[in-house]
S.K.: 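One structure is given below, represented as structure tokens, and several questions about it will come after.
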Amino acid sequence: MNYLKLNCEYAKQFVSEKEIAAMAPLAANALEKLHNKTGAGNDFLGWLTLPTDYDKAEFERIKKAAEFIKKSCDILVVIGIGGSYLGARAVIEAVKSVNYNYLAKETPQIFFIGNSISPSMLTELIQICEGKDICVNVISKSGTTTEPAIAFRAFSELLYSKYSKEEAAKRIFCTTDKARGTLKQLADEAGYECFVIPDDVGGRYSVLTAVGLLPIASAGIDIDALMAGAAAAQQSLCSKDINENDCLKYAAVRNCLYNKGKRLECFISYEPSMAMFNEWLKQLFAESEGKDGKGLYPVSCIFSTDLHSVGQYIQESAGPLMFESCIKFENAPGDYIIKELSGNADGLNFLAGKKMSLVNEKARQGTLLAHTEGGVANIIFEAAGLSSENMGYIIYFFEKACAVSGYILGVNPFNQPGVESYKNNMFALLGKPGYENQKERLEKALGLC
């Protein structure tokens, strides 16, 4: 089965075959480092074999917990930030619908919280949960990350006020470290069921662990099929020949474009249900490559929507700055036959009898030609569809491409030291014990004293 095919035809005028061939040995070397676990961050490579080498007993527990959640609640509240929620939400919206919560009938509505410090988001979700049966899945390696920890305080209080102590405990599921950390200790004391975030899998690579699988399964998505698609990618994306390995070639081409001065990669989809998947891609690439003054800045658009906002800029100003990477789906879910309108007031009767998917595809083709003619290189991924199996393949494809690309770039794709800077400043300004020496300096810099 051809899950995903790379098409670089519309990048050829911007990157020559000679340039790609020169990058090929670097890409092959990066892949070898990855497979041999000799590169930087090699203690975080558990995701590499995860589709076939995972805890089968825990996998069955995840499916059992998901069945309990589906039968026991109207709303599942998923608490987590970054990789602890983006992957799950991306898969749910891609496979089910961006309108999943409105369409869900035999599965609970799923709301994601703890990914910001917005009080209105928290209080609104508490209001939404009034009068509803709820379950909570809190996802945190440590249990002390500010955003999810605040949210968990609020929703654990809500559960214990609504249910008995024993019933509340049955409705809380913790995805955390297998042996240590504040959340693990709390879960053991309270009797919450726990699932493991593997030590060797970083947050942005964790969607195929319990981090993503429990919410995804609770939405009624076949996680066996999801893992089967990822396993197919694990098996097929191993060749060191870029002409045989699309994952390797994509990493090579995007680095060629970077070396030629491109600084932004715009992830494109013509399906609104892929908007959160684009957000997952942005975290994956930004945290993996954005260090040591290097890396492409990932942005995203949903077309044709954003053609009516930033389309002008992309068409006539973005060529020297960016390139586009578009995932094109052969079989998007659902369709609509355009009907004839009496009087033809909108002038669109020439479309009568045509499928809306055809119009969407012609918009894609027209945009592709316009943007390449305007100087914007395009990389196209041709995907079979939005099934759970296809999404498993696509997830693994981009995880591996990102890791290889990071090694080509010369960075550690598995750390994120820059993320800690804002946290340290925030803690100092809030008066957290141990940060007193920094508080006065920061307040003075902000003009607060």
Side-chain angles (χ1 to χ4, degrees), residues 1-5 47 50-51 54 59 62-63 65-67 69-70 75-78 80 83-112 115 137 139 175 204-234 267-284 300 302 326-336 356-357 360 381-399:
M1 179 176 178
N2 191 4
Y3 295 92
L4 192 71
K5 182 181 178 183
W47 60 272
L50 188 63
Y54 59 90
F59 192 80
I62 289 170
K63 291 195 285 187
E67 288 304 314
I69 290 167
K70 285 188 280 186
I75 293 175
L76 171 63
V77 177
V78 180
S84 293
Y85 92 98
L86 275 172
R89 185 171 175 184
V91 173
I92 291 168
E93 293 193 7
V95 175
K96 288 288 189 175
S97 170
V98 69
N99 295 313
Y100 167 80
N101 278 343
Y102 297 102
L103 299 172
K105 290 189 172 94
E106 297 180 0
T107 54
Q109 292 181 304
I110 299 177
F111 290 93
F112 295 87
N115 46 63
N137 176 206
I139 306 165
T175 308
R204 57 190 176 275
Y205 291 85
S206 68
V207 62
L208 297 175
T209 71
V211 169
L213 293 177
L214 180 57
I216 290 167
S218 298
I221 294 171
D222 185 349
I223 59 173
D224 286 290
L226 186 76
M227 295 301 280
Q234 179 187 332
F267 293 106
I268 303 295
S269 179
Y270 284 75
E271 291 297 330
S273 62
M274 286 293 285
M276 286 307 301
F277 188 81
N278 286 347
E279 292 300 308
W280 177 77
L281 286 172
K282 284 156 67 174
Q283 188 207 6
L284 179 66
S300 68
I302 296 295
C326 177
I327 304 179
K328 166 187 175 291
F329 293 96
E330 294 293 338
N331 301 300
D335 216 330
Y336 178 81
M356 198 165 175
S357 59
N360 200 28
F381 299 95
E382 299 170 353
L386 281 162
S387 70
S388 53
E389 190 170 352
N390 289 335
M391 290 307 299
Y393 188 99
I394 292 168
I395 287 166
Y396 189 90
F397 179 98
F398 281 105
E399 286 178 343

S.K.: What closest approach, in Å, do Asp222 and Ala225 show between heavy atoms, and which atom pair accounts for it?
M.R.: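 What the structure gives for the nearest pair is OD1-N, 3.1 Å.
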S.K.: Are Val98 and Met274 close enough, and set up right, to give a side-chain contact (heavy atoms from CB on, under 4.5 Å), and what steps lead you there?
M.R.: CA-CA 8 Å; Val98 69; Met274 286 293 285; over 6 Å; no
S.K.: Are the side chains of Ile302 and Ser269 in contact, using a 4.5 Å heavy-atom criterion?
M.R.: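 Touching, per the 4.5 Å side-chain cut-off.
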S.K.: From Asn360 CG over to Tyr336 OH, what is the distance, rounded to the nearest 0.5 angstrom?
M.R.: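 Atom-to-atom, Asn360:CG and Tyr336:OH are 15.0 Å apart.
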S.K.: How about Asn99 and Tyr102: do any of their side-chain heavy atoms sit closer than 4.5 Å?
M.R.: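 Sidechains of Tyr102 and Asn99: in contact.
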S.K.: Could you check Leu50 against Leu208 for side-chain contact (heavy atoms from CB on, under 4.5 Å), going step by step and ending with a plain yes or no?
M.R.: CA-CA 7 Å; Leu50 188 63; Leu208 297 175; 3.9 Å; yes
S.K.: Working to the nearest 0.5 angstrom, can you tell me the gap between Met391 CE and Ile216 CD1?
M.R.: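 Separation between the atoms: 9.0 Å.
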S.K.: Once rounded to the nearest 0.5 Å, what's the spacing between atom OG of Ser84 and atom CZ of Arg204?
M.R.: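 Nearest 0.5 Å value for the OG-CZ distance: 12.0 Å.
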S.K.: So does Ala104 get a backbone contact from the side chain of Thr107, meaning a donor-acceptor N/O pair under 3.5 Å?
M.R.: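 No, because the side chain of Thr107 does not come within donor-acceptor range (under 3.5 Å) of the backbone of Ala104.
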S.K.: Kindly indicate whether the side chain of Pro51, heavy atoms from C-beta on, has any atom under 4.5 Å from the side chain of Tyr396.
M.R.: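 Yes, side chains in contact.
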S.K.: Just so I know, are the side chains of Leu103 and Lys96 near enough to count as touching, which here means a heavy-atom distance under 4.5 Å?
M.R.: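 No, every pair of side-chain atoms sits at 4.5 Å or beyond.
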S.K.: What are the two closest non-hydrogen atoms of Pro215 and Ile92, and how far apart are they?
M.R.: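 Heavy-atom minimum between the residues: O-CD1, 3.7 Å.
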S.K.: Minimum heavy-atom separation for Met227 to Tyr54, with atom names?
M.R.: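 Smallest interatomic distance, heavy atoms only, reads CE-CD2, 3.6 Å.
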S.K.: Could you walk me through whether Asp224 and Phe59 pass side-chain contact (heavy atoms from CB on, under 4.5 Å), step by step?
M.R.: CA-CA 9 Å; Asp224 286 290; Phe59 192 80; 3.3 Å; yes
S.K.: Can you tell me if Glu330 uses its side chain to pair, donor with acceptor, with the backbone of Ala383 under 3.5 Å?
M.R.: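 Checked: no pair found.
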S.K.: Hey, could you give me the CD1/CG distance between Ile223 and Leu213, rounded to the nearest 0.5 Å?
M.R.: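 The distance works out to 5.0 Å.
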S.K.: Can you check whether Asn390's main-chain N or O pairs, donor with acceptor, with Ser387's side chain at less than 3.5 Å?
M.R.: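 Such a contact is found between Ser387 side chain and Asn390 backbone.
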S.K.: Nearest 0.5 Å please: distance from the CG atom of Leu284 over to the CG atom of Leu86.
M.R.: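 Answer rounded to 0.5 Å: 10.5 Å.
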S.K.: What do the steps show when you test Phe329 against Tyr270 for side-chain contact (heavy atoms from CB on, under 4.5 Å), and what is the final call?
M.R.: CA-CA 9 Å; Phe329 293 96; Tyr270 284 75; over 6 Å; no
S.K.: Relative to the ring of Phe277, is the ring of Trp280 parallel (under 30°), tilted (30 to 60°) or perpendicular (over 60°)?
M.R.: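 Trp280 and Phe277: tilted rings.
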S.K.: Looking at side-chain heavy atoms only, is the closest gap between Tyr85 and Met276 below 4.5 Å?
M.R.: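 Tyr85 vs Met276: side chains touch.
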S.K.: If you compare all heavy atoms of Val95 against all heavy atoms of Ile221, which two are closest, and at what distance to 0.1 Å?
M.R.: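 Closest heavy-atom pair between Val95 and Ile221: CB-CD1, 3.9 Å.
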S.K.: For the residue pair Leu226 and Glu389, establish whether any side-chain heavy-atom pair is separated by less than 4.5 Å.
M.R.: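 No, side chains not in contact.
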S.K.: Is there a donor-acceptor contact under 3.5 Å from the side chain of Asn278 to the main chain of Ser300?
M.R.: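 Not confirmed, Asn278 side chain does not pair with Ser300 backbone.
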S.K.: Determine the minimum heavy-atom distance between Ser218 and Pro108, stating which atoms define it.
M.R.: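 Answer, listing the atom of Ser218 first, then Pro108: O-CD, 3.5 Å.
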S.K.: Could you check whether any side-chain heavy atom of Ser273 comes within less than 4.5 Å of a side-chain heavy atom of Leu386, counting everything from C-beta outward?
M.R.: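 Ser273 reaches Leu386 side chain to side chain.
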S.K.: Is Val78 close to Leu214 at the side-chain level, that is, under 4.5 Å between some pair of heavy atoms?
M.R.: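 Leu214 vs Val78: side chains apart.
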S.K.: Could you tell me how the ring of Phe398 sits relative to the ring of Phe267: parallel (under 30°), tilted (30 to 60°) or perpendicular (over 60°)?
M.R.: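 Because their plane-to-plane angle is over 60°, the rings of Phe398 and Phe267 count as perpendicular.
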S.K.: Before you tell me yes or no, could you show the steps for Phe397 and Tyr3 under ring-ring contact (aromatic ring centres under 6.0 Å, His included), namely the whole-Å CA-CA distance, both residues' side-chain angles and the distance that decides it to 0.1 Å?
M.R.: CA-CA 10 Å; Phe397 179 98; Tyr3 295 92; over 10 Å; no
S.K.: Looking at Arg89 and Glu93, does any basic side-chain N land under 4.0 Å from a carboxylate oxygen?
M.R.: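 Looking at Arg89 and Glu93, the cut-off is met.
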S.K.: Any idea which heavy atoms bring Ile110 and Ala219 closest together, and the distance?
M.R.: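 Closest approach of Ile110 to Ala219: CD1-CB, 3.8 Å.
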